[in-house]
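Just so we're clear, the structure is a prediction, and the values are computed from it rather than from any experiment.
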Amino acid sequence: EAGVDTTLEINSIKYTGKINEKISVYDFMKKLMDEKKITFTEKNYSAIGKFIISLNGVSGNRDHAWIYYVNGKEASVGVSAQIINPGDVVSWKYEKPIY
């Protein structure tokens, strides 16, 4: 398959998929799920778009949430709005929300 190896980390476990153009984090995750590499569930909100509820069977709760970073920088928009480039690293971390 043509494309550049692009990485999705879930709590430091790396999954790679090939992309050859800019796509949203959501579309990249969907591609990895279609390839049976990861699983996730989502909820759709009109204001922020798609919100990831669980990753590989682990759901967020009152004390912890899935927060994602692109190339080490915390994302400020939802997964359907965040665009990544081939070769980027998207890291999901299960963290205590700061708010």
Side-chain angles (χ1 to χ4, degrees):
E1 183 189 11
V4 176
D5 274 347
T6 305
T7 305
L8 182 89
E9 294 178 334
I10 298 177
N11 279 345
S12 300
I13 299 165
K14 293 182 166 64
Y15 304 88
T16 57
K18 292 191 184 299
I19 61 171
N20 48 25
E21 58 190 8
K22 294 181 182 228
I23 63 171
S24 71
V25 168
Y26 177 78
D27 288 340
F28 181 51
M29 291 177 67
K30 195 98 181 101
K31 173 181 162 57
L32 292 176
M33 186 150 80
D34 291 344
E35 292 171 4
K36 309 266 188 283
K37 292 176 180 168
I38 65 167
T39 60
F40 68 89
T41 60
E42 69 195 66
K43 192 167 176 184
N44 216 14
Y45 291 95
S46 53
I48 60 165
K50 296 184 191 313
F51 185 77
I52 302 302
I53 308 244
S54 75
L55 277 168
N56 289 349
V58 179
S59 298
N61 56 35
R62 231 171 18 163
D63 298 323
H64 285 83
W66 284 108
I67 313 282
Y68 81 98
Y69 300 78
V70 176
N71 300 330
K73 190 169 177 280
E74 188 173 336
S76 55
V77 295
V79 287
S80 27
Q82 178 69 54
I83 302 300
I84 56 169
N85 295 296
D88 279 353
V89 177
V90 177
S91 310
W92 283 94
K93 297 179 182 172
Y94 194 58
E95 298 180 330
K96 228 176 174 41
I98 299 147
Y99 46 83

Quiz prompt | ILVMFWY network linking Tyr15 to Ile67, side-chain heavy atoms under 4.5 angstrom | solution = no
Exercise. Compare every heavy atom of Tyr69 with every heavy atom of Glu95, then report the nearest pair and how far apart it is.
Key: OE1-OH, 2.9 Å
Quiz item: Which residue pairs pass the side chain to side chain donor-acceptor pair (under 3.5 Å) test with at least one member in residues 73-83, sequence neighbours excluded?
Solution: none
Quiz item: Below 4.5 Å, heavy atoms only, C-beta onward: do Asn61 and Tyr94 meet side chain to side chain?
Solution: yes
Self-check item: Test item: side-chain donor near acceptor, Glu42 and Tyr26, under 3.5 Å
Solution: yes
Exercise. Can you see which heavy atom on Thr6 is nearest to which on Phe28, and at what distance?
Key: O-CZ, 3.3 Å
Quiz item: Between Ser24 and Val79, which heavy-atom pair has the shortest distance, and what is it?
Solution: CB-O, 3.7 Å
Quiz item: Does any N or O in the side chain of Lys37 come within less than 3.5 Å of the main-chain N or O of Thr16, such that one atom is a donor and the other an acceptor?
Solution: yes
Quiz item: Does the side chain of Leu55 reach to within under 4.5 Å of the side chain of Met29, using non-hydrogen atoms?
Solution: yes
Self-check item: Lys93 backbone acceptor or donor facing Asn11 side chain under 3.5 Å
Solution: no
Quiz item: Which heavy-atom pair separates Pro86 from Val4 by the least distance, and what is that distance?
Solution: CB-CB, 3.6 Å
Quiz item: Is Leu32 reachable from Ile53 through a run of hydrophobic residues whose side-chain heavy atoms are each under 4.5 Å from the next?
Solution: no
Exercise. Would you name the heavy atoms of Lys22 and Ile83 that are closest together and state the gap between them?
Key: CB-CG2, 3.6 Å
Quiz prompt | Lys31 side-chain N/O to Lys18 backbone N/O, donor-acceptor pair under 3.5 Å | solution = yes
Quiz item: Is any side-chain heavy atom of Trp92 less than 4.5 Å from a side-chain heavy atom of Ile38?
Solution: no
Self-check item: Any side-chain heavy-atom pair of Trp66 and Ile10 under 4.5 Å
Solution: yes
Exercise. Without swapping roles, check the side chain of Ser91 against the backbone of Glu9 for a donor-acceptor pair under 3.5 Å.
Key: no
Quiz item: Quick one: CG on Leu8 to CG on Asp88, what's the gap to the nearest 0.5 Å?
Solution: 11.5 Å
Quiz item: Phe40 and Val58: same hydrophobic cluster, using ILVMFWY side-chain contacts below 4.5 Å?
Solution: yes
Practice problem: Return yes if some donor-acceptor pair links the side-chain N/O of Thr7 with the main-chain N/O of Asp5 below 3.5 Å, else return no. | Solution: no
Quiz prompt | Euclidean distance, Lys96 NZ relative to Arg62 CZ, rounded to 0.5 Å | solution = 9.5 Å
